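Order of the sequence lines fixes the chain letters, A, B, ..., with proteins taken first and strands second; residue numbering starts at 1 for each chain. Since we're looking at a predicted model, the values are computed, not measured.
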Amino acid sequence: MKNFVKLVRFEFNRFAPIYATLAVLTALIQLIGVFVTTNGYLRSVSEQKQSGIVNDSEIIANIGKMGMTDFVNSLWFLGPIMFCGAVLMLYSVFIWYRDWLGKNTFIYRLLMLPTQRLNILFSKVTTIFLMVIGLIALQLVLLYIENSLFQMLLPTAYFNYSNLNQMIQSSYYLMMFYPTSGLVFISRYSKGLLGLLVVSTVVLFERSYKIKGLIIGVAYATFVQLIFSAVYFMQFYNVMLYLFASEIFLISLVLTVVASTLSIWISHRLLNKKVTV
Amino acid sequence: MKKYWKLITLIVFSVISISTFYLVTVSAENSYPQYSIETRSGDEAVIKDLVLAASTFDENSDYGDMFQIKTEGTIGNKDVPFTQQLDMTHQHDFSVQKLYREHRGFFREKTWNMFQYHEDEDFITYANNFYTVVDDYEEIHDKLEIAVLDKKTEEETNFEVEVPDYKNYDSFYVEDVQKSGNILHVFTTNYIEGETELYQPITELHVYKIDLDSQKIVEDLILAPSSDDDMDYTSYIVNIGSTNSEMTPEPYIIISSNPTVQPETTESGVEINPEDITMMAYNVETSEVSELAVPNEFKGWSESMYPLVTNVQDEYIYYTTLKENGFEMNRFNIEENTMEQAQLIELPSEVMENFLNNPEGYATPLVSIKGNQICYVSTLKDKARHDVGIVVADLESGQVLYDGTIKNSEKMNDVFKDVTLTIDSFMF
């Protein structure tokens with residue numbers, strides 16, 4: 001356990017500067033977006049007044065109010081989130097290859113450590129997962145800050161106040177990141193964790209068997225994807241829903257555990273017996 | 001420990017932030033509006049079984065939600081077990097919730113339209129158009145799928161029957177299901193081949209009588225034809241939407257056959273002369289069809305007849321007319337084929353305001369009859385001072401037993417106080 005924690009710290013510290021930059025950039029771009037959006041809206045209000053409409057309620061009837069429920073679907077808000085997601089997805093692969101392709105073949109040192117080799121897999125997957133959760137938590141705080149900023153910058157009559165639930169419900173992407181139930185949150189992010197495990201397994205296949213391994217790895221990833229999709233496809237093509245949503249949820253939980261166990265087992269065998277430096 | 005400060009900070013920040021969100025922010029009070037029922041007069045025990053299915057909409061945030069309101073308060077997503085949250089049955093008809101709770105296996109792979117079900121003491125029966133593939137809508141769907149559940153043994157029987165003369169029709173839909181003895185009566189609206197694309201489609205109302213023993217259609221009755229020498233018709237079953245529970249047996253199915261006049265555009269309306277409307281009653285036990293001598297001012301279909309609401313209950317058709325001083329009740333006796341004397345359920349004008357002064361689309365109150373009690377619920381509460389009113393009266397004496405309104409509860413979060421509340425249906 002101690003070795004696992006040390007490895008996580010090591011992996012995290014390697015990427016910490018870039019991670020901190022991502023967090024700061026997200027906050028900055030979204031906060032700038034609040035200012036830009038507010039200015040644009042207030043300009044529209046001025047234009048309405050210049051055209052002779054002085055009544056607040058008439059102006060609101062023409063251009064609507066402004067608040068977070070509009071902002072969360074804008075590029076200022078979603079752009080940084082998508083960028084962070086893309087960077088972390090790329091890093092989930094690069095976290096392995098940097099150890100092989102660097103100036104000094106660092107993976108050699110990692111594989112020679114007096115610890116179970118599976119800790120290498122767990123530490124890399126855990127690091128990425130913690131970074132994702134960290135950004136998710138940061139976004140919650142930013143939602144509060146941005147809402148307060150809108151409230152400060154906009155006149156009361158034009159500010160559309162919404163609570164955190166309403167902000168989330170007005171964006172498809174936020175509803176994906178923050179499901180309304182804690183249990184669904186755990187289930188959804190467990191699938192994310194499974195995704196990281198599968199990506200790591202694909203990388204280890206490639207590192208063990210090169211091109212042939214890459215093909216096997218991609219086939220394995222496709223197989224896992226198909227198993228999960230099968231339950232949903234069955235519902236889609238059979239108009240009368242045989243399985244209730246709660247039953248699909250349970251089945252997908254079980255499949256997540258089974259697929260995760262399978263990925264860990266395959267990665268364990270590859271790390272111990274097949275991976276070459 | 002010092003070496004781990006970055007990692008520890010990240011973990012602690014994430015745990016606190018996300019768990020606060022799920023423990024506090026996603027609580028019931030913060031997720032949807034909280035309402036309570038306030039009594040103005042009468043005994044609250046009268047409405048102890050009242051359940052209102054409600055929905056809200058906030059035009060500023062595009063926020064909307066569905067939940068139930070009872071005397072105990074608001075029952076929403078956070079107040080039901082996790083599996084029901086996922087299946088969302090609490091947002092559907094009360095009959096859906098009953099089937100889901102008591103006969104889940106039978107409910108599997110079936111629609112959630114309760115008019116396609118019939119329940120008596122021993123059986124639950126279901127009828128549907130038979131189709132399996134969502135993108136194969138052009139395939140001919142000329143079969144009825146029937147399912148029968150024996151409530152004592154939990155045995156389910158399934159079979160299909162082919163609808164006769166299907167070539168004359170474009171499509172058909174199951175509107176209601178009734179049962180007498182071993183005969184299933186499946187009421188369908190059949191769209192005439194080639195006439196579906198008109199502004200007002202030409203339809204025929206059928207009842208297919210199916211023998212549950214032989215599993216065959218024994219009779220195909222056209223209750224309301226699509227046309228005669230003079231004109232085309234569109235027909236409706238008046239019972240739909242006017243009963244307390246869609247699954248309970250009804251001795252009479254009331255049909256309104258309206259002449260169809262094609263409007264010039266989709267926006268232009270059409271005036272129909274009530275004298276040309278034919279009202280009929282189908283006796284489920286005997287399969288007899290009789291024309292009803294309903295006065296012209298009560299003819300038609302309830303949704304278009306504001307301020308008139310129609311309810312079919314046993315052998316009566318009840319007509320509720322909204323007046324400034326109360327509800328005028330007219331009762332048509334189907335067996336005697338006569339309209340009985342009107343009765344006024346008197347209410348003060350401030351109560352009737354909730355039922356009369358609503359914008360278009362919310363005007364028709366909901367009315368339901370249980371035994372000798374009648375319950376009226378107005379359907380809109382918004383920031384323009386419309387309130388949801390609840391009135392329960394005795395049908396025989398006309399005495400008002402209960403009068404109340406829906407108010408924002410003390411637990412109501414400020415962000416919801418101006419949302420528009422609509423009552424979609426209720427049970428009492």
Side-chain angles (χ1 to χ4, degrees), chain A residues 5-6 8-9 11-13 16 19-20 23 60 64-65 67-70 127 130-141 143-144 159-170 178-186 189 236-250, chain B residues 3-27 30-32 58-65 77-78 81-89 100 104 107-112 128 130-137 145 413-416 419:
Chain A
V5 174
K6 280 183 184 170
V8 171
R9 178 183 69 91
E11 291 288 355
F12 182 74
N13 285 346
Y19 183 64
I60 291 167
K65 291 188 179 185
M68 282 300 291
T69 51
D70 302 285
T127 304
L130 282 176
M131 290 195 285
V132 168
I133 295 293
L135 288 175
I136 294 288
L138 174 68
Q139 187 60 73
L140 277 175
V141 174
L143 283 171
Y144 268 121
F159 172 59
N160 184 19
Y161 177 78
S162 44
N163 68 10
L164 200 51
N165 279 320
Q166 289 174 312
M167 290 181 224
I168 289 168
Q169 281 182 37
S170 54
Y178 308 105
T180 51
S181 154
L183 279 173
V184 176
F185 179 90
I186 292 171
Y189 284 87
F236 181 74
Y237 281 107
N238 182 6
V239 176
M240 294 304 131
L241 308 177
Y242 188 81
L243 292 171
F244 292 101
S246 55
E247 291 164 349
I248 295 179
F249 177 79
L250 272 169
Chain B
K3 294 191 286 189
Y4 294 89
W5 74 267
K6 288 180 203 163
L7 205 51
I8 291 170
T9 308
L10 176 69
I11 293 170
V12 167
F13 171 74
S14 303
V15 167
I16 291 175
S17 173
I18 294 172
S19 45
T20 306
F21 173 68
Y22 280 105
L23 290 173
V24 176
T25 316
V26 195
S27 64
N30 289 318
S31 298
Y32 39 82
D58 181 1
E59 59 200 21
N60 290 323
S61 64
D62 279 345
Y63 155 79
D65 210 337
N77 223 27
K78 301 291 164 217
F82 180 63
T83 48
Q84 280 187 45
Q85 283 182 40
L86 292 176
D87 295 334
M88 292 170 68
T89 48
Y100 173 82
R104 207 160 140 115
F107 198 34
R108 217 175 269 290
E109 232 177 341
K110 294 186 175 64
T111 67
W112 290 22
N128 189 34
F130 180 52
Y131 60 104
T132 55
V133 179
V134 67
D135 58 353
D136 209 354
Y137 64 93
E145 177 195 342
N413 190 309
D414 280 347
V415 76
F416 298 120
V419 300

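The shortest non-hydrogen separation linking B:S17 to A:A137 is OG-O, 3.2 Å.
Atom CG of B:L86 sits about 12.5 Å away from atom CZ of A:F244, to the nearest 0.5 Å. With rounding to the nearest 0.5 angstrom, the CD atom of A:Q169 is 11.5 Å from the OH atom of B:Y32. To the nearest 0.5 Å, atoms CD1 (A:I168) and CZ (B:F21) are separated by 3.5 Å. Between atom OH of residue B:Y22 and atom OG1 of residue A:T180 there is a gap of 7.5 Å, rounded to the nearest 0.5 Å.
In terms of non-hydrogen atom pairs under 4.5 Å with chain B, the most contact-rich of A:L183, A:L138, A:N13 is A:L183. Ranked by heavy-atom pairs under 4.5 Å with chain B, the first of A:L135, A:T127, A:I133 is A:I133. Ranking B:Q85, B:M88, B:K3 against chain A, the residue ahead of the rest is B:K3, based on heavy-atom pairs under 4.5 Å. Of the listed residues (A:A20, A:G64, A:P179, A:A16), the greatest number of heavy-atom pairs within a distance under 4.5 Å of chain B belongs to A:P179.
Heavy-atom distances place no part of B:Q84 under 4.5 Å from chain A, backbone and side chain included. Of the atoms belonging to A:Y19, it is side-chain heavy atoms, and not backbone ones, that fall under 4.5 Å from chain B. Contacts between A:L250 and chain B at a heavy-atom distance below 4.5 Å are absent for every atom of the residue.
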Worked verdict on B:I18 versus A:Y178 for side-chain contact (heavy atoms from CB on, under 4.5 Å): CA-CA 9 Å; B:I18 294 172; A:Y178 308 105; 5.8 Å; no

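By the ring-ring contact (aromatic ring centres under 6.0 Å, His included) test, A:F159 pairs with no residue at all, sequence neighbours left out.
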Could you give the side-chain donor-acceptor pairs of residues 4-16 of chain B under 3.5 Å, partners two or more places apart or in another chain?
residue	atom	partner	partner atom	Å
B:T9	OG1	B:W5	O	2.5
B:S14	OG	B:L10	O	2.8

